[in-house]
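Note on naming: letters A, B, ... go to the chains in the order of the sequence lines (proteins, then strands), and numbering restarts at 1 for each one.
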Amino acid sequence: MDAHEHTVLERLSNGLIKENPIFKLALSMCPAVAMTNTVRNGFLLGLAVLFVQVASNVTVSVFRRFIHERIRIPAYIIIIATWVSVSDMTLAAYAPGFYKEIALYVKLIVVFAIIISRLEVFASRNTVWPSFWDGMGMGLGFMFALMLVGCLREFLGAGTLWGVEILPFKPFFFWSLPPAGFFAIGLIMALFIWLERRFNAWRAKR
Amino acid sequence: MKEFLRIALNLLVISLVSAALLGLVFTRTENIRKRNEQARLEASMGRYLDPTADPAHYARIHRYLMERPGQAAAVGYVLPVRGGGNAFLLLTPDGEVLSATPLDGPVDDEAERDATLARALPGAAAHYADSYILALDASGHRMASFIQGRTGGFKTWVHLLVALGPDGSVKGLEILRHEEDPGLGAEIEQEYFRNQFAGRTLDELRTLGVVRLPLPEDYRRGLERSRWAARGITPEQGRALCAPYGHEDIHAITGATISSRRVTEGVKRLVLAFVKRMETVESTARAAGLEPAF
């Protein structure tokens, strides 16, 4: 792959739309289902993923010639786990208030498929700068998808958005429970792909 | 063969670099994290003390389960004694005195206590169980007691701080640390759940259960104390909102019945055991020749 093909904008739109981790790649669906009952949960998990994705992408891309082909998967896992633990300890010491909010999410990230798949597919074959923006795009795309799912579920399940009361009652509590995550993601995924096809057809016609 | 060595060496170097980085960050942050946790604990306790009457000091009692080679299991208490310093009171599970040993080292955090206990009781293995913190005024009168313990949650330990009044009734519950699911079990942190425990007497706690009923809206408004001011509720009105429900069972969090039940059981167990154990400690410490500082 030639690094010059990757511009900042191309990487960001790739992560947000073209290869959106949730709606297109369908990776890391487990946290996406479990953690999206509110917008805030989606945002915090997205933030944690964004940081670890960017840091791991950059690390792997810097050392990509050093890491032996046969042991790249364990090497990636070590790199991800190191960044997760470093951010966990640093936040606990220097941002205790914020850490209290985000601690639950940070610890989950080691096993996210999206992170290791970007290391394998992109960062191990590209230079540092495109890898950095690939991490940004994927992290933001993950955050965007989680917040969108969170919006739908929080509004339908609790009648609130970001904890602010919109409806004075809870329309369908079902939407707050984990199984509803599958329905919410399925519905939004279908809409997402339908809109993209419409857009591509419209652009092809012009 | 050469390939095999190169792979092993490659992975070894990666692991070493990672371990060095983790070790560096850990040594730089661990003490700060401990200080943060201590500050948070003290802030949590402060919320249950009368702000006009400053406590003269806290007396900290740490309970240990003791394993001694070739002997029956025992219970040990690290106690502050009059005139400064600490002692270790070793009891049988039935409350018979086995020994009382003065401790010569610091006992402030768990690692320090482990080292001090290992010196005082060579050969025995001490397993930390929980801590009791008594807030005493200048004349040694007990203003409040705090139980720092843990209970099994939905996934792993939930670390609790239970505040008790001088009469043993619950003043409040704080969740110090937990890993329950956000949006479901993690709601145990919320005031509408925690504050349901406030005001429960010892007798009520013995029979306290959990019901799966929706939380009445006025009860919720009464429980959410930090929002009283924003909602124009005076403290009297807030307490009046809670009054009709304050002696019912705990209303489980919707979608997190197991977490609610485990925390309720944990509070009951911790409080009832605390009362019983304090009685035992107070009656046996003097018999063992100790002068406890509480």
**Q** Would you say that more than 12 heavy atoms from the other residues, nucleotides or ligands in this model lie under 6.0 Å from the CZ of Arg70(A), or not?
**A** no

**Q** Nearest 0.5 angstrom please: Leu91(A) CG to Arg33(B) CZ, how far?
**A** 13.0 Å

**Q** Quick one: of Ile79(A), Leu44(A), Asn41(A), who has the most non-hydrogen atom pairs under 4.5 Å with chain B?
**A** Asn41(A)

**Q** Check each atom of Leu45(A) against the heavy atoms of chain B and say whether the ones under 4.5 Å are side chain, backbone, both or neither.
**A** neither

**Q** Please give me the minimum heavy-atom distance between Ser176(A) and Leu184(B), naming the atom from each residue.
**A** O-CD2, 4.3 Å

**Q** For residues Met89(A) and Arg28(B), determine if any side-chain heavy atom of one lies less than 4.5 Å from a side-chain heavy atom of the other.
**A** no

**Q** Has Phe154(B) got more than 12 heavy atoms of other residues, nucleotides or ligands less than 6.0 Å from its CZ?
**A** no

**Q** Considering only heavy atoms from C-beta outward, does the side chain of Ile14(B) approach that of Phe63(A) to under 4.5 Å?
**A** no

**Q** Would you find more than 12 non-hydrogen atoms of other residues, nucleotides or ligands less than 6.0 Å from Ile258(B) atom CD1?
**A** no

**Q** With a 4.5 Å heavy-atom cut-off, do Ser15(B) and Ile78(A) have their side chains touching?
**A** yes

**Q** Inspect the surroundings of OH in Tyr192(B) and state if more than 12 heavy atoms from other residues, nucleotides or ligands are less than 6.0 Å away.
**A** yes

**Q** Is Val13(B) close to chain A through its backbone or its side chain, or both, or neither, when contacts mean heavy atoms under 4.5 Å?
**A** side chain

**Q** Just checking Arg231(B): does its CZ atom have more than 12 heavy atoms from other residues, nucleotides or ligands closer to it than 6.0 angstrom?
**A** yes

**Q** May I ask you to check whether over 12 heavy atoms, not counting those of Lys18(A), lie within 6.0 Å of atom NZ?
**A** no

**Q** Just wondering, are more than 12 heavy atoms of other shown residues or ligands nearer than 6.0 Å to CZ in Phe174(A)?
**A** yes

**Q** Is Glu30(B) close to chain A through its backbone or its side chain, or both, or neither, when contacts mean heavy atoms under 4.5 Å?
**A** neither

**Q** Rounded to the nearest 0.5 Å, what separates atom CD1 in Ile7(B) from atom CD1 in Ile71(A)?
**A** 7.0 Å

**Q** Under 6.0 Å from the OH atom of Tyr128(B), do we count more than 12 heavy atoms belonging to anything else shown?
**A** yes

**Q** Looking only at heavy atoms, which two atoms of Asn10(B) and Phe66(A) are closest? And how far apart?
**A** ND2-O, 2.7 Å

**Q** Taking C-beta and beyond as the side chain, do Ile32(B) and Pro96(A) meet within less than 4.5 Å on heavy atoms?
**A** no

**Q** Write down the atom of Leu177(A), the atom of Gly255(B), and the distance for their closest heavy-atom approach.
**A** CD2-CA, 4.2 Å

**Q** Is Asn36(B) in contact with chain A via its backbone, its side chain, both, or neither, using a 4.5 Å heavy-atom distance?
**A** side chain

**Q** Which answer fits Arg40(B), side chain, backbone, both or neither, if we ask what part of it has an atom under 4.5 Å from a heavy atom of chain A?
**A** side chain

**Q** Could you pull out the closest heavy-atom pair between Thr29(B) and Thr90(A), with the gap in Å?
**A** CG2-CA, 4.2 Å

